[in-house]
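Working notes, beginning with the structure itself.
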Amino acid sequence: MAGSDLAELAKRRGFFFGSNGAYGGTAGFYTFGPQGAALKRNVEDAWRDRFTLKEGNREIEAPTVMPEAVFEASGHLEGFDDMLVACGECGASHRADHLVEDATDVEDAEALPGEEVEALIADHDIACPACGAPLSGEPVEDFNLMFATDIGPGDSQPGYLRPETAQGIFVEFPRLKEYARGSLPFGITQIGPAYRNEISPRGGLLRLREFTQAELEQFIDPETDEPPLDRVADVAVRLYPATAQAADDGDYLDTTIGEAVDEGVIGSPWVGYYLGVAQEWYERVGVDLDRFRFRQHLAGERAHYAADCWDAESEVDGDWIEIAGFAYRGDYDLSKHDEYGDDAFTVFKRYDEPKTVERATVDPDMSVLGPEFGGDAGAVAAALETLAARDPDAFADETVTVEVDGEPREVDADVADFSVEEVTENGEHITPHVVEPSFGVGRTVQTLLAHAYETDEVDGEERTFLSLRPEIAPTDAAVFPLVTNDERLTDLADRVAADLRAAGLAVSYDDSGSIGRRYRRQDEVGTPFCVTIDRDGVEGDGPETVTVRERDTAAQVRVPVDELADELAALRSGDEFAALRDRYGAVATDVETN
RNA sequence: GCGCCGUUGGUCCAGUGGUAGGACAGUGGCUUCCCAAGCCACUAGCCCGGGUUCGAUUCCCGGACGGCGCACCA
């Protein structure tokens, strides 16, 4: 399938197109048309069903604009910032920090100000790797991939559009853990837009500046929580491990989730579990598994937070594109927010049995320390506490010495009031680890369209159709009166369409043009079933009937009107058309597909 | 960001220094019993800005957008 054919169909039929065309267009922004928006919503609903409802997780909806402090904590302000230097000779752009690190013994050039990096480039006569021209004097420019904005008027505080929906979950963890009644594991999902000011948006829906993510943050106790791996142990997967990518003849590893986790190919059982869940979900919504794989991130491409990471990739137009990432983020995010934020990003883990421990404590007499040490009294008291925990024997003598700001301070042991107490500990505060399946919704939509795009022949005429799964097709069914010059047919068609809509189905009604033309229109937008009202259905003694045509085969079944809504709903839920045919019998037609 | 190429009805294309034509799609008729049929009519377009010119959709410059390559890509 040529990608341009799909792009043309997507534009013509209302799946998606570049935004703001009347104003010249805006690179990196796409609008989903009526078909695309319905398709995307169905994908999101299917994702919600699997990753929120079926897993017993909870979904939230956080703001897309967040204050700067959040991204200082998350690392996005620094880690998302690329220093680029362009060669004045050949125009090639390079990562300035990487050039400096390669040519000098500077290790973390990214942390340096741009002017210093410029100076280092000049001092070391660093040349353009592409053409050899000197880069000295070329400006080093910052590209932070986050969209900046101002929150409020005047001396407003800086804010950013979130670069991933995950941060909206992490920052609310202290409250979210309350809703989970403080116990692990629990999962929070969010479906919504994220923003990255890409230097060069490309490839239609594949690299956008605003895009939709569906993310699950699974919070776990790394010591005790285990995924229900047996549910997906037998799922057969095609893995592309880092070792295979590095090898010249690297082959796929066709295995099962259970084996891959047992053998350590997939490092985390939690990641393994979600790879299995994800693959089953991808199959359900219509990804062609022959054009699907899980690829492990190479060490160098992992995000600043990721310990181990696998991508789900699909093949579209011969290229492999990332459609989801599965990262074991450890305690990176919650630790950082715990450090930077005001609240505690921990949960209290209750021991099986309360522990009785001896704890060395001090209770310094501040009425003595205050007059003696003035403003340093608090620091002295803190130093005493630290010392008590580390070295209780230091309190054996009459006086005890602690160091504050490099100065030794002597305190009477009586004043420190050292004691060893037996205390009962019921548990401890731990920072949960995070497992993050993160899905690109737009890329999934793109994959589904590419994998559903098919051509064949009907009665010798070539046709294009989208073989979308009934669950995610934008329209559930189309309703046609076979001809419009018979009121019995148009009346019944109106009634059938209204009944189906009342039953919650997305129905398209079409009485324009020949019946074949109307079938083709629906084929092109992937409508799985067409309901046609013909004369045979309104004449005779029996109940009123209609024909139901299956998109992919053009086969037809005659179904009583009273049963229609239930039968179509069952088909949408996954029932086979063949079962319907067995129940009601096929309609003999002379239509040939091949 | 750099380089090359491109941008003409909804879509896909042709064409011109004197403002444009086709195909498909669409709409309204005629026709009407199952797969893009036929006939009639209609709707609808030169990406934006500047320059050259009496006159620019056409030539030149710049921009936007798109494709490909490079770079970048949590």
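Every chain is numbered from 1 and lettered A, B, ... according to where its sequence line falls, protein lines coming before strand lines.
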Enumerate donor-acceptor pairs with a distance under 3.5 Å from any side-chain N or O in residues 473-480 of chain A to protein atoms, sequence neighbours excluded.
{"unit_1": "A:Asp476", "atom_1": "OD2", "unit_2": "A:Ala506", "atom_2": "N", "d": "2.7"}
{"unit_1": "A:Asp476", "atom_1": "OD2", "unit_2": "A:Arg572", "atom_2": "NH1", "d": "3.2"}

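Look at A:Arg517 and you'll find a side-chain N or O under 4.0 angstrom from OP1 or OP2 of B:rG26. A sub-4.0 Å separation between OP1 or OP2 of B:rU32 and a side-chain N or O of A:Arg535 is absent. A sub-4.0 Å separation between OP1 or OP2 of B:rA37 and a side-chain N or O of A:Ser514 is present.
As judged by a 4.0 angstrom heavy-atom cut-off over every strand, A:Gly325 is placed among residues making no nucleic acid contact. Using a 4.0 Å heavy-atom cutoff across all strands shown, A:Ala554 reaches at least one base atom of the nucleic acid.
B:rG15 and B:rA56 have their C1' atoms separated by 15 Å, with the value rounded to a whole Å. Separation of the C1' atoms belonging to B:rU8 and B:rC65 is 15 Å when rounded to the nearest angstrom.
A salt bridge is absent between A:Arg209 and A:Glu198: the closest approach of a Lys/Arg side-chain nitrogen to an acidic carboxylate oxygen does not fall below 4.0 angstrom. Ion pair A:Arg488/A:Glu539 flagged as a salt bridge, since at least one NZ, NE, NH1 or NH2 atom sits closer than 4.0 Å to an Asp/Glu carboxylate oxygen.
For A:Val591, counting side-chain heavy atoms from C-beta on, the closest listed nucleotide (B:rA36, B:rC34, B:rG1) is B:rC34.
When each of A:Gly28 and A:Asn485 is assigned the nucleotide of RNA chain B bearing its nearest heavy atom, the one mapping closer to the 5' terminus is A:Asn485.
Not counting sequence neighbours, the partners of A:Glu313 by the salt bridge (charged side-chain N to carboxylate O under 4.0 Å, His left out) test are A:Arg293, A:Arg295.
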